[in-house]
Amino acid sequence: MSDTTSAAALAASVKILIAGGFGVGKTTMVSSISEIAPLRTEELITELSTGIDDLSGVEGKTTTTVALDFGRITIDENLVLYLFGTPGQDRFWFLWDELARGALGAVVIADTRRLENSFAAIDFFERRGLSFAVAVNCFDGAPVYTTDEVREALDLDPHAPVVLCDARDRSSCKTVLMTLVEHLIMRATSSVA
Ligand SMILES: Nc1nc2c(ncn2[C@@H]2O[C@H](COP(=O)(O)OP(=O)(O)OP(=O)(O)O)[C@@H](O)[C@H]2O)c(=O)[nH]1
Ligand SMILES: [Mg+2]
């Protein structure tokens with residue numbers, strides 16, 4: 001058994017969703033950070049999706065997640081995160097309830113070129129009272145905003161964490177997850193107090 005596998009057997013296992021609109025970098029984030037070979041369910045975007053999927057802003061994208069992404073990261077000997085990436089296309093909304101079952105928190109990834117694409121994910125978690133952090137994936141050439149500007153544009157609760165990240169970079173993704181974990185711990189302890 002490898003070190004990370006034996007740690008995973010002993011530690012608390014927490015399910016986290018990696019969510020957000022189409023093409024914001026959910027699959028990229030799960031793949032960057034996972035310590036096991038990530039499970040991806042990518043399919044080619046064909047012309048059959050024309051008129052059904054909204055490809056505006058991400059016309060160069062050739063594949064899309066059709067079920068989920070799955071990965072794992074061991075934070076320390078006490079905590080292992082199981083990451084479930086959601087599909088981004090509207091036609092897969094029916095999977096979200098199932099994917100969210102048992103999740104303790106979520107990361108909502110946002111792309112500043114298409115912030116409105118992450119509104120639906122934020123609504124979904126707010127309606128269910130599931131804590132989330134917003135991770136702004138800083139694509140090359142995308143408008144740069146401060147975290148406060150993003151918080152305001154997304155009309156977030158003042159306590160909701162917002163972090164800037166690069167979904168291709170492991171340590172940047174780890175910072176996002178640590179921010180979410182700290183937020184979850186703070187919420188849990190303040191509701192107990
Ligand atoms: N420049 C840049 N490209 C990125 C970044 N993150 C993701 N990409 C690219 O953007 C594209 C979309 O990334 P995905 O990870 O497939 O996005 P997704 O949110 O899983 O997409 P769906 O599952 O289709 O909703 C891919 O081609 C990535 O290589 C980033 O931080 N910077
Ligand atoms: Mg994906």
Side-chain angles (χ1 to χ4, degrees), residues 15-73 81-100 103 105-125 132-147 149-150 154 161-180:
K15 177 178 180 180
I16 300 289
L17 289 192
I18 308 294
F22 173 56
V24 291
K26 303 176 292 294
T27 300
T28 305
M29 181 175 282
V30 174
S31 305
S32 309
I33 202 157
S34 185
E35 66 203 10
I36 55 172
L39 169 77
R40 298 165 173 229
T41 57
E42 297 269 288
E43 292 293 344
L44 281 176
I45 299 170
T46 67
E47 63 222 19
L48 290 175
S49 87
T50 310
I52 296 171
D53 298 329
D54 180 10
L55 302 187
S56 49
V58 280
E59 290 82 359
K61 204 169 186 302
T62 54
T63 61
T64 191
T65 301
V66 295
L68 77 163
D69 307 303
F70 177 72
R72 186 188 78 195
I73 176 168
L81 304 182
Y82 288 87
L83 307 175
F84 289 73
T86 63
Q89 301 281 9
D90 292 349
R91 63 198 157 103
F92 298 119
W93 263 111
F94 69 96
L95 289 171
W96 279 55
D97 275 321
E98 208 53 51
L99 280 173
V107 172
V108 176
I109 306 180
D111 173 354
T112 57
R113 298 167 301 180
R114 305 170 294 121
L115 268 186
E116 67 285 356
N117 282 18
S118 292
F119 285 159
I122 289 169
D123 275 356
F124 179 90
F125 297 122
F132 63 91
V134 171
V136 180
N137 191 10
C138 300
F139 283 85
D140 308 325
V144 179
Y145 297 110
T146 65
T147 52
E149 286 170 327
V150 171
L154 294 175
V162 179
V163 252
L164 306 181
C165 77
D166 181 338
R168 299 163 299 178
D169 180 77
R170 185 164 204 269
S171 72
S172 174
C173 296
K174 196 164 177 187
T175 303
V176 170
L177 290 172
M178 291 311 299
T179 304
L180 174 65

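Start at 1 and go down the list; that is how both ligands and their atoms are numbered. All values below were derived from every heavy atom in this structure, side-chain atoms included, with hydrogens, water molecules and symmetry-related copies excluded.
Compare Arg168, Lys26, Met29, Lys61 by their heavy atoms: the one nearest to atom 16 (O) of ligand 1 is in Lys61.
The Thr28 neighbourhood of ligand 1 comprises atoms 6 (N), 7 (C), 13 (O), 14 (P), 15 (O), 28 (C), with distances under 4.0 Å to a heavy atom of that residue. Shown in contact with Ala167 at under 4.0 Å from a heavy atom are these atoms of ligand 1, numbered in order with element: 6 (N), 31 (O). Taking every non-hydrogen atom of Gly88 and a distance limit under 4.0 Å, the qualifying atoms of ligand 1 come out as 25 (O). Taking a cut-off of under 4.0 Å to the non-hydrogen atoms of Asp166, the atoms of ligand 1 that pass are 30 (C), 31 (O). Of all the atoms in ligand 1, the ones that sit under 4.0 Å from a non-hydrogen atom of Asp140 are 1 (N).
Taking distance alone, with nitrogen or oxygen atoms compared against 3.5 Å, Glu42 stays at or beyond that limit from ligand 1. Polar contact with ligand 1: absent for Phe22 (N/O pair, distance under 3.5 Å). Polar contact check, Thr86 against ligand 1: no nitrogen or oxygen pair lies under 3.5 Å apart. Of the polar atoms of Gly23, at least one N or O is found under 3.5 Å from an N or O of ligand 1, judged by distance alone. On a distance-only criterion, Phe139 and ligand 1 share no N/O pair closer than 3.5 Å.
With values rounded to the nearest 0.5 angstrom, Arg72 atom CZ is found 13.0 Å from Ile33 atom CD1. For the atom pair OH of Tyr82 and CD1 of Ile36, the computed distance is 7.5 Å after rounding to the nearest 0.5 Å.
At a threshold of 4.5 Å between non-hydrogen side-chain atoms, the residues Val136 and Thr147 do not count as touching. For the pair Tyr145/Val162, no side-chain contact is recorded, criterion being any heavy-atom separation below 4.5 Å from C-beta on. Between Val107 and Cys173 the shortest side-chain heavy-atom distance does not fall below 4.5 Å. Residues Thr63 and Leu44 have side chains in contact (heavy-atom distance under 4.5 Å, counting atoms from C-beta outward). Side chains of Phe125 and Trp96 form a contact here, defined as non-hydrogen atoms less than 4.5 Å apart. Counting heavy atoms from C-beta outward, Phe119 and Leu154 have side chains that approach closer than 4.5 Å. Within the 4.5 Å cutoff, the side chain of Leu95 has no heavy atoms near those of the Thr86 side chain. Residues Asn137 and Val24 have side chains not in contact (no heavy-atom distance under 4.5 Å, counting atoms from C-beta outward).
The only option from Val144, Thr112, Leu164 that meets the side-chain contact (heavy atoms from CB on, under 4.5 Å) definition with Cys138 turns out to be Leu164.
Nearest to atom 23 (O) of ligand 1 among the protein's heavy atoms is Thr65 OG1, 2.9 Å. When hydrogens are left out, the protein atom nearest atom 17 (O) of ligand 1 is Gly25 N, 3.2 Å; that is the closest non-hydrogen contact. With hydrogens left out, the protein atom closest to atom 31 (O) of ligand 1 is Asn137 OD1, 2.6 Å, a heavy atom.
Contacts with ligand 1 closer than 4.0 Å are made by heavy atoms of both the backbone and the side chain of Thr64.
In summary, the side chains of Asp166 and Ser172 do not present any donor paired with an acceptor at a separation below 3.5 Å, with no hydrogens or angles considered.
In this structure, atom 27 (O) of ligand 1 has no protein heavy-atom contact shorter than 4.0 Å.
Annotation: protein N, O or S atoms under 2.8 Å of the Mg ion (ligand 2) (waters excluded) comprise Thr27 OG1, Thr65 OG1.
Residues Leu17 and Ala100 come closest through the heavy atom pair CD1-CA, 3.7 Å. Across all their heavy atoms, Thr179 and Pro161 have their closest contact at CG2-CB, 3.6 Å.
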